[in-house]
A.B. asks: 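Below is one structure. I have some questions about it.
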Number of protein chains: 2
Amino acid sequence: MGIFSKTCEYALRAVFFIARRTVEGNRVGIKEIASGIDSPEHFLAKILQDLTRRGIVQSVKGPNGGFYLNQQSLARPLIEVIEAVDGDGLFRDCGLGLKECSSKNPCPLHSGFLEVRNRLQSMLESITIGQFNEDLNLGIVVLKK
Amino acid sequence: MGIFSKTCEYALRAVFFIARRTVEGNRVGIKEIASGIDSPEHFLAKILQDLTRRGIVQSVKGPNGGFYLNQQSLARPLIEVIEAVDGDGLFRDCGLGLKECSSKNPCPLHSGFLEVRNRLQSMLESITIGQFNEDLNLGIVVLKK
DNA sequence: ATAATAAAAGATGTTTTTGTCTTTTATTAT
DNA sequence: ATAATAAAAGACAAAAACATCTTTTATTAT
Ligand code: FES
Ligand code: FES
């Protein structure tokens, strides 16, 4: 288990991939996304269906159809994708699994966690889906290995 | 899903609980631990069996038996418990799920992740199992709610 | 030695996550 | 209108995580 669920990892890689195609002016089909990010095709399809319902990504059916991102979606911070898929537990729940996280009756790790998680949160709030297109095109960052 | 697995959350709460009893000079049975940290008894038993095999906690069978921690175990940093239970994936794997994490061919989140995870890692390396006994006794921190 | 105690080990069950396959619906080009 | 295309939806399956129950083994006090 990583910091995010597998589902969420696929979702993040997929939106990065779609963003890149979108700014090139194209929609992109599920097959191409799946092979471009090295994910199981039908499983990813489910994930993108859900993201589409939630308005995180856009899609059209039929010939020349596929997934794309509108301006609003391109500008979305990553944390919205993560919360749509995994919920906000990573940022709100107690790191030791206690029923709730609060600074009255904190668990032993509360203050340490708070600092790390706030840092993660603000990082994910400041990174947008669309901001890596150039680095992806240049091969400076990658979505599969 | 939190940052650690449920199994690991129970393990961490349990070692904190055992530490407290140990410095009072007592061994503590599985029933008392389970109720003291609000975890399923038989499931926790499996977890502690594993931690015992790995030498993270100590135990003796029979009357007056139970779990306890020797000096070395009391001084152990939390990260050793976590790595024993969840492995080191949280600190070594790619946050986007790519096959490996490295600064050549990084994923888009690599540098952001690196900073957050290093912070988490050094926090968990500097906190020891035994260091919260006083706070636990005073009720400043808690292991169940 | 015996009985009582408590962890260790083994067998089994449930739920969630992850993954696959098939059918249906919407859209587009002809 | 029709055929081709591609996502949406539904049914199903495997694996991992989480959990429970029973039997065995080691230890201690009597
Ligand atoms: S109470 Fe445990 S992290 Fe806040
Ligand atoms: S390559 Fe993704 S976190 Fe390092």
Side-chain angles (χ1 to χ4, degrees), chain A residues 1-15 17-18 21-22 26-69 82 85-87 89-90 97, chain B residues 1-15 17-18 21-22 26-69 82 85-87 89-90 97:
Chain A
M1 183 218 291
I3 185 153
F4 305 128
S5 67
K6 215 106 227 333
T7 303
C8 192
E9 292 173 350
Y10 292 145
L12 291 169
R13 307 219 301 270
V15 296
F17 189 90
I18 298 170
R21 282 289 187 284
T22 292
N26 300 309
R27 295 183 185 127
V28 54
I30 185 69
K31 272 193 188 21
E32 190 183 346
I33 305 172
S35 95
I37 69 170
D38 196 25
S39 75
E41 179 185 328
H42 296 286
F43 187 40
L44 180 63
K46 291 291 177 207
I47 297 167
L48 289 181
Q49 275 166 38
D50 186 55
L51 290 181
T52 302
R53 269 190 299 269
R54 293 169 185 273
I56 306 276
V57 308
Q58 284 69 50
S59 71
V60 299
K61 292 181 176 182
N64 280 311
F67 296 91
Y68 66 101
L69 299 173
I82 291 157
V85 178
D86 280 353
L90 185 58
Chain B
M1 187 216 289
I3 185 151
F4 306 128
S5 67
K6 213 111 230 327
T7 303
C8 191
E9 291 173 351
Y10 291 143
L12 290 169
R13 307 220 301 272
V15 295
F17 189 89
I18 298 169
R21 281 290 186 283
T22 292
N26 300 309
R27 297 181 184 129
V28 54
I30 185 68
K31 272 193 186 23
E32 190 184 347
I33 304 172
S35 96
I37 68 169
D38 196 24
S39 75
E41 178 186 327
H42 296 286
F43 186 40
L44 180 63
K46 290 292 179 207
I47 297 168
L48 289 181
Q49 274 166 38
D50 187 55
L51 289 181
T52 302
R53 268 191 299 269
R54 293 170 185 271
I56 305 276
V57 308
Q58 284 69 48
S59 72
V60 300
K61 292 180 177 181
N64 280 310
F67 295 91
Y68 68 100
L69 300 173
I82 291 158
V85 177
D86 280 353
L90 184 59

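Naming convention: chains lettered A, B, ... in sequence-line order (proteins, then strands); numbering from 1 in each chain. What's counted below: heavy atoms across the whole structure, side chains too, no hydrogens, waters or symmetry copies.
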A.B. asks: Give A/V28 one of three labels, base, sugar-phosphate or nothing, depending on what nucleic acid heavy atoms sit under 4.0 Å from its own.
C.D. replies: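 It contacts sugar-phosphate atoms only.
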
A.B. asks: Using heavy atoms to find the nearest nucleotide of DNA chain C for A/V60 and A/Y10 separately, return the residue whose nucleotide is more 5′.
C.D. replies: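 Result: A/Y10.
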
A.B. asks: Mind checking B/L48 for me? I need base, sugar-phosphate or nothing, with any heavy atom below 4.0 Å counting as a touch.
C.D. replies: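 B/L48: no heavy atom of the nucleic acid under 4.0 Å.
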
A.B. asks: Side chains of A/E32 and A/F17: closer than 4.5 Å at any heavy-atom pair?
C.D. replies: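 With C-beta onward as the side chain, the pair touches.
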
A.B. asks: Output the distance between atom CD (A/E41) and atom CD1 (A/I33), rounded to the nearest 0.5 Å.
C.D. replies: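 Result: 10.0 Å between the selected atoms.
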
A.B. asks: Only pairs with both distances under 3.5 Å count, Watson-Crick or wobble alike; so what is the partner of C/dT27 in this structure?
C.D. replies: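 Its partner is D/dA4.
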
A.B. asks: Can a donor-acceptor pair be found, under 3.5 Å and without considering hydrogens, that links the side chain of A/R27 to the backbone of A/N64?
C.D. replies: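 Yes, A/R27 side chain to A/N64 backbone: donor-acceptor pair under 3.5 Å.
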
A.B. asks: Under a 4.0 Å threshold between the charged nitrogen and the carboxylate oxygen, would B/D50 count as salt-bridged to B/K46?
C.D. replies: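 No, no charged N to carboxylate O under 4.0 Å.
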
A.B. asks: Using the heavy-atom set of chain A and a strict 4.0 Å cut-off, write down the first and last nucleotide of DNA chain C that makes it in, 5' to 3'.
C.D. replies: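 Footprint of chain A along DNA chain C, 5' to 3': C/dT18 to C/dA29.
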
A.B. asks: Just the rounded figure in Å: distance from P of D/dA19 to CD of B/E9.
C.D. replies: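 After rounding, the gap between these two atoms is 10 Å.
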
A.B. asks: Return the value, rounded to whole Å, for the distance between atom CZ of A/R53 and atom C1' of D/dA9.
C.D. replies: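 Nearest whole value for this atom pair: 9 Å.
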
A.B. asks: With heavy atoms under 4.0 Å as the rule, sort B/K46 into base, sugar-phosphate or nothing.
C.D. replies: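 The answer is base, as B/K46 lies within the cut-off (heavy atoms under 4.0 Å) of a base atom.
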
A.B. asks: Between B/I30 (CD1) and D/dA19 (C1'), how many Å, whole number?
C.D. replies: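 Checked: the CD1 to C1' distance equals 13 Å.
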
A.B. asks: A/P63 or A/A45: which one's nearest nucleotide on DNA chain D is closer to the 5' end?
C.D. replies: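 Closer to the 5' end of DNA chain D: A/P63.
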
A.B. asks: Measuring from atom CG of B/L44 to atom CD of B/Q49, what distance do you get when rounded to the nearest 0.5 angstrom?
C.D. replies: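 Going from CG on B/L44 over to CD on B/Q49, the span is 10.0 Å.
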
A.B. asks: Return whichever of A/L44 or A/R27 has its heavy-atom-nearest nucleotide of DNA chain C closer to the 5' end.
C.D. replies: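 In this pair, the answer is A/L44.
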
A.B. asks: Round to the nearest Å and state the distance from B/I47 atom CD1 to D/dA17 atom P.
C.D. replies: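 Distance check: B/I47 CD1 to D/dA17 P gives 13 Å.
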
A.B. asks: Could you tell me the Watson-Crick or G-U partner of C/dT14, where both distances fall under 3.5 Å? Say none if there is no partner.
C.D. replies: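 By the stated definition (distances under 3.5 Å), D/dA17 pairs with C/dT14.
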
A.B. asks: Rounded to the nearest 0.5 Å, how far apart are CD1 of B/I47 and CD1 of B/I56?
C.D. replies: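 Reported to 0.5 Å precision, the distance equals 13.5 Å.
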
A.B. asks: Please find the pair of heavy atoms, one from A/F67 and one from A/S59, that lie closest to each other, and give the distance.
C.D. replies: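 Heavy atoms of A/F67 and A/S59 come nearest at CD2-CB, 3.7 Å.
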
A.B. asks: Using whole Å, report how far CZ of B/F4 lies from P of D/dA17.
C.D. replies: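 Taking atom P of D/dA17 as the reference, CZ of B/F4 is at 16 Å.
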
